[in-house]
Structure formats: C-alpha cells, structure tokens
Protein chains: 2
Amino acid sequence: MKNFSERQRQIVTTAIGIIAKQGIQNLTTKNLAQAIGISEAALYRHFDSKLEIMQGVLEYFKILMQPALAKLKSHAKPTENLEEFVLEHFRIFTANSSFARVIFSESNFQNEEILMNSLNKMMINSRQALEDVIIQAQRKGEFRTDISSCNISRMMIGSIRFIVSQWSVSGMAFNLENEGRQLCKDIIAALKLRQ
Amino acid sequence: MKNFSERQRQIVTTAIGIIAKQGIQNLTTKNLAQAIGISEAALYRHFDSKLEIMQGVLEYFKILMQPALAKLKSHAKPTENLEEFVLEHFRIFTANSSFARVIFSESNFQNEEILMNSLNKMMINSRQALEDVIIQAQRKGEFRTDISSCNISRMMIGSIRFIVSQWSVSGMAFNLENEGRQLCKDIIAALKLRQ
DNA sequence: ATTATGTTAGCGAGTGTTCACTTACTTGAG
DNA sequence: CTCAAGTAAGTGAACACTCGCTAACATAAT
C-alpha cells in the first residue's frame with residue numbers, strides 16, 4: 001500500500017479480518033473502531049468514508065496478488081509458468097487466509113459500483129495474462145489444441161477458485177498448498193498434449 | 001414449494017428478483033413490500049420473519065435444481081449422465097437467470113447460520129452424487145484413472161461455477177447454453193481415457 | 001333471510017435499534 | 001503555539017418488526 005500511513009494500513013487490515021471472520025455485514029464503523037481500539041470518529045481522521053476503506057481493502061489485495069501474476073513470465077517454458085502461477089496463488093492464500101473469504105465472493109461488493117468495477121478489472125487482467133500464456137503453451141506444442149484457450153482458462157481458474165472456496169468454507173481443514181499442488185498437476189496432465 | 005400459498009410464493013419470487021437485480025443489501029422489508037404492492041406489515045401476515053422468507057428462497061432453489069441431480073441416473077453410460085447433468089444446469093440457469101447471482105455467492109447468506117448450513121448441505125449432496133458417477137465412469141473405462149475422482153469433480157464443478165459466474169457478471173452477455181455445451185464437451189475430452 | 005361470530009389479509013403509524021457520519025472539544029508531541 | 005490525532009455525544013436515515021384497527025368474506029344458529 002503506497003501512500004498509506006501506519007494507521008491507515010491498520011484500519012484496512014483490521015477491516016479484512018472482520019470481513020473474513022464475521023462477514024461484510026459486520027464490517028461496521030463501530031465494530032472496526034472497536035477492533036482497533038479507537039473511537040468511530042477517529043476512523044474519519046484517516047479515511048473520508050467507509051467506501052474509501054473498502055477501496056483500500058481491494059488495493060491491498062491487488063498488491064498481494066502481484067507475485068502470482070509475475071510468475072507467468074518467470075520461465076521460458078509456458079507450462080512451468082502456469083504451474084508456478086497456480087502454486088503461488090495457493091501460497092498467497094495459505095499465508096493470508098482471511099483473503100479467501102473476502103475476495104472469492106464478489107457479492108461482497110455488489111452494489112458498490114466503484115468496488116465492483118475495480119474487482120472486475122483485476123479479474124479480467126489476470127485472466128487475460130493467463131490466457132496469453134495458455135496460447136503460448138499451445139503454440140509450443142505443450143498443451144493440446146483441440147480445446148480452446150478460453151475454455152482451458154475457464155477450467156484452470158474455475159478449479160483454483162473452487163478448491164480455495166472449499167478450503168475457506170471448511171475452515172482451512174486441509175492443506176491448501178499440498179492439495180492444490182496435486183490438483184495443479186492433474187489439471188496440467190489433463191491439458192497437455194500426449195504423443 | 002410445498003405448502004406455500006400463492007402470496008407466499010409471490011413474496012419469495014419477488015425477493016429473488018430483488019437479490020438478483022439489486023443485491024441482498026437491498027432486500028429490505030420495505031423494498032420487498034413495495035415491489036409486491038402491499039404494506040410491510042402485510043408481509044408479516046405470511047411470514048414470521050425476514051429469515052423465514054430467505055429460507056423460502058433456498059427451498060425454491062433446491063426444488064429448481066432437482067432435475068439436474070436426477071439426470072445423473074437417467075442413462076446407463078456414466079459419461080452421458082455427467083454430460084446431461086452439466087447441460088441441465090445451464091438450462092436451469094438460463095431459464096432462471098436471477099438465481100445465478102443469488103446462489104453462487106455464498107456470502108449472500110454469510111452469518112445466517114441456518115441459511116449457510118442449508119446451502120452447504122445442498123452443495124455437499126450434489127458434489128457427492130457427482131463424484132459417485134465419476135467413479136463409475138472411471139470403473140467402466142470411460143474416464144482416465146490417473147486423476148483422482150475428487151480432483152475431477154473439482155474441475156467439473158469449478159468450471160461450471162466459473163462460467164455461470166462469468167455469464168452472470170457480464171449481464172448474460174453470451175448464450176450460456178451454447179458456450180456451456182462446448183465447455184462441457186471440452187471437459188469430457190480432457191478427462192476421458194484415450195486409447 | 002337475518003344475524004352473530006370468526007378468520008383472513010390488508011392498512012397507517014408507529015417502536016427501538018443500528019447505521020455511517022458530524023460536531024465541538026481535548027490532548028500531547030514537536 | 002500549532003496541529004495531527006484523539007474523544008464523547010450527538011445527527012438523520014434506514015432497518016426489521018409491531019401496534020390497533022378495518023373491510024371482506026365464510027360459517028352457521030336463529
């Protein structure tokens with residue numbers, strides 16, 4: 001978070017914790033202030049509105065996810081990049097478990113047009129980046145070409161989202177990194193070209 | 001909906017429409033009563049509480065989804081059953097587009113334990129039924145066995161959820177049945193045993 | 001046929017509570 | 001002395017829900 005003060009950072013991360021543990025309905029200025037240990041009015045010394053705090057939440061997430069996106073360009077082999085992209089997601093979510101609940105439920109931000117647009121942009125961006133690498137993988141003969149790159153990206157993203165969602169709903173009952181690694185291997189096995 | 005009166009049915013379907021179009025935050029007793037054209041107080045002649053109305057929403061959905069589940073046992077060939085199961089989902093969502101937004105965002109019901117439990121049970125039920133058929137498909141040599149049935153079900157459900165979510169977020173910008181049919185074919189192509 | 005009794009489904013006008021946010025004032029470090 | 005960062009005590013609006021009342025209709029005894 002670029003220009004955020006220590007206090008602003010604290011407000012945003014506390015907000016994330018509340019959303020994760022109690023749902024967005026319980027992210028109230030009262031609860032947020034209480035969780036930090038300051039008055040409601042003090043919140044407004046650091047943010048103009050609750051909406052601004054929620055935008056902070058999204059920005060925080062965006063920065064957190066950057067490393068995963070970077071993995072798409074780290075190696076020469078597309079398949080390796082895809083694999084690392086997926087695994088990095090699981091690593092990030094494991095290290096920031098509160099985020100899973102916050103992000104994979106877009107309806108959290110429903111009706112706040114600014115937040116929805118912001119989230120949609122992020123989604124489209126990373127989807128596009130992913131599909132580019134999938135196309136590379138197909139061109140280089142690593143992935144099968146009888147399935148469209150669009151549908152391959154749907155399978156990959158859908159699978160990731162679903163296992164993270166399962167993990168989140170189950171209260172982190174399994175090891176996301178291990179289960180995710182196997183899932184990732186299986187997806188690639190299903191999609192690679194067999195000679 | 002079993003024992004529901006005409007008015008109760010109307011209240012529930014109107015509630016679904018509001019959630020779909022304006023989000024759950026705007027499902028207020030005021031808005032709901034207004035949309036129907038009766039007073040708020042009149043709502044309470046037909047339901048004891050707002051929670052009861054939301055339970056009605058879930059029951060409505062459950063009944064609507066029954067046909068998809070039935071498809072899992074309609075033919076002898078597991079692969080055909082799986083295909084019809086998936087296609088039936090797309091058919092149902094196309095015919096009841098408001099549901100997509102309501103259901104695939106579990107966070108809609110976050111913090112209402114009764115609703116969450118109800119939704120989780122439905123999810124687990126259909127996941128289990130699906131995985132059973134996947135195992136059959138593997139036993140009969142229709143599906144590859146180098147990928148666990150658990151991960152196959154993750155890929156299938158994840159892909160379905162994701163394309164429905166895309167369709168919903170895009171404002172039904174594409175034909176879900178057609179796009180979904182191709183996605184379904186591709187998934188099965190990726191998972192079937194090749195000789 | 002009339003009348004008494006009960007039920008259903010509606011209404012306007014509230015209730016107390018909680019929400020995001022504001023105002024006016026205080027405190028303490030530089 | 002200034003001023004950023006805090007506070008207590010509000011604000012109006014929105015929330016789910018309740019109140020007392022009524023018109024319309026059904027049932028059945030007189």
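Any value given below was found using the heavy atoms of this structure, including those in side chains, with hydrogens, waters and symmetry copies removed.
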Length of the line joining [X]:[atom1] and [N]:[atom2], which is rounded to integer Å:
X	N	atom1	atom2	value
N26(A)	dT18(C)	CG	P	12 Å
I18(A)	dA20(C)	CD1	P	11 Å
Y44(A)	dC19(C)	OH	P	12 Å

Start and end of the DNA chain D segment that chain B contacts, any atom under 4.0 Å from a heavy atom
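Answer, 5' to 3': dC15(D) to dC21(D).
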Could you list the residues that satisfy side chain to side chain contact (heavy atoms under 4.5 Å, CB included) with N117(B), not counting sequence neighbours?
E113(B)
Can you name the side chain to side chain contact (heavy atoms under 4.5 Å, CB included) partners of N125(A), sequence neighbours left out?
none
Less than 4.0 Å between a side-chain N and a carboxylate O, is that true for E59(A) and K62(A)?
no
Can you give each donor-acceptor pair under 3.5 Å made by side-chain atoms of residues 146-156 of chain A, sequence neighbours left out, with the distance rounded to 0.1 Å?
from    : atom 1 : to      : atom 2 : distance (Å)
D146(A) : OD1    : R144(A) : NE     : 2.9
D146(A) : OD2    : R144(A) : NH2    : 2.9
S148(A) : OG     : N151(A) : N      : 3.1
S149(A) : OG     : E131(A) : OE2    : 3.2
N151(A) : OD1    : R154(A) : NH1    : 3.0
N151(A) : ND2    : D186(B) : OD2    : 2.8
S153(A) : OG     : R127(A) : NH1    : 3.4
S153(A) : OG     : C150(A) : O      : 2.7
R154(A) : NE     : Q166(B) : OE1    : 2.8
R154(A) : NH1    : E179(B) : OE1    : 3.1
R154(A) : NH2    : E179(B) : OE1    : 3.2

Residue-level proximity of residues 28-36 of chain A to DNA chain D when a heavy atom falls under 4.0 Å:
none
Report, one line per pair, each donor and acceptor closer than 3.5 Å where one atom sits in a side chain of residues 67-74 of chain A; sequence neighbours left out.
from   : atom 1 : to     : atom 2 : distance (Å)
S74(A) : OG     : K71(A) : O      : 2.9
S74(A) : OG     : N81(A) : OD1    : 3.4

By ring-ring contact (aromatic ring centres under 6.0 Å, His included), which residues pair with F143(A), not counting sequence neighbours?
none
Sequence-distant partners of F90(B), ring-ring contact (aromatic ring centres under 6.0 Å, His included), two or more places apart
none
Those residues at least two apart in sequence (or on a different chain) that pass salt bridge (Lys or Arg N to Asp or Glu O under 4.0 Å) with E142(A) are none
Hey, could you give me each pair passing side-chain hydrogen bond (donor to acceptor under 3.5 Å, both in side chains) that has a residue in residues 35-57 of chain B? Not counting sequence neighbours.
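Listed by first then second residue: T29(B)-E40(B).
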Under the side-chain hydrogen bond (donor to acceptor under 3.5 Å, both in side chains) test, residues paired with E6(B) that sit two or more places apart
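Testing E6(B) for side-chain hydrogen bond (donor to acceptor under 3.5 Å, both in side chains), a comparison that skips the adjacent residues, returns none.
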Using a 4.0 Å heavy-atom cut-off, does L27(A) contact any base of the nucleic acid, only the sugar-phosphate backbone, or nothing at all?
sugar-phosphate
Can you check each nucleotide of nucleotides 5-16 of chain C against protein heavy atoms at under 4.0 Å and return B for base, S for sugar-phosphate only, - for none, in 5' to 3' order?
----BBBB----
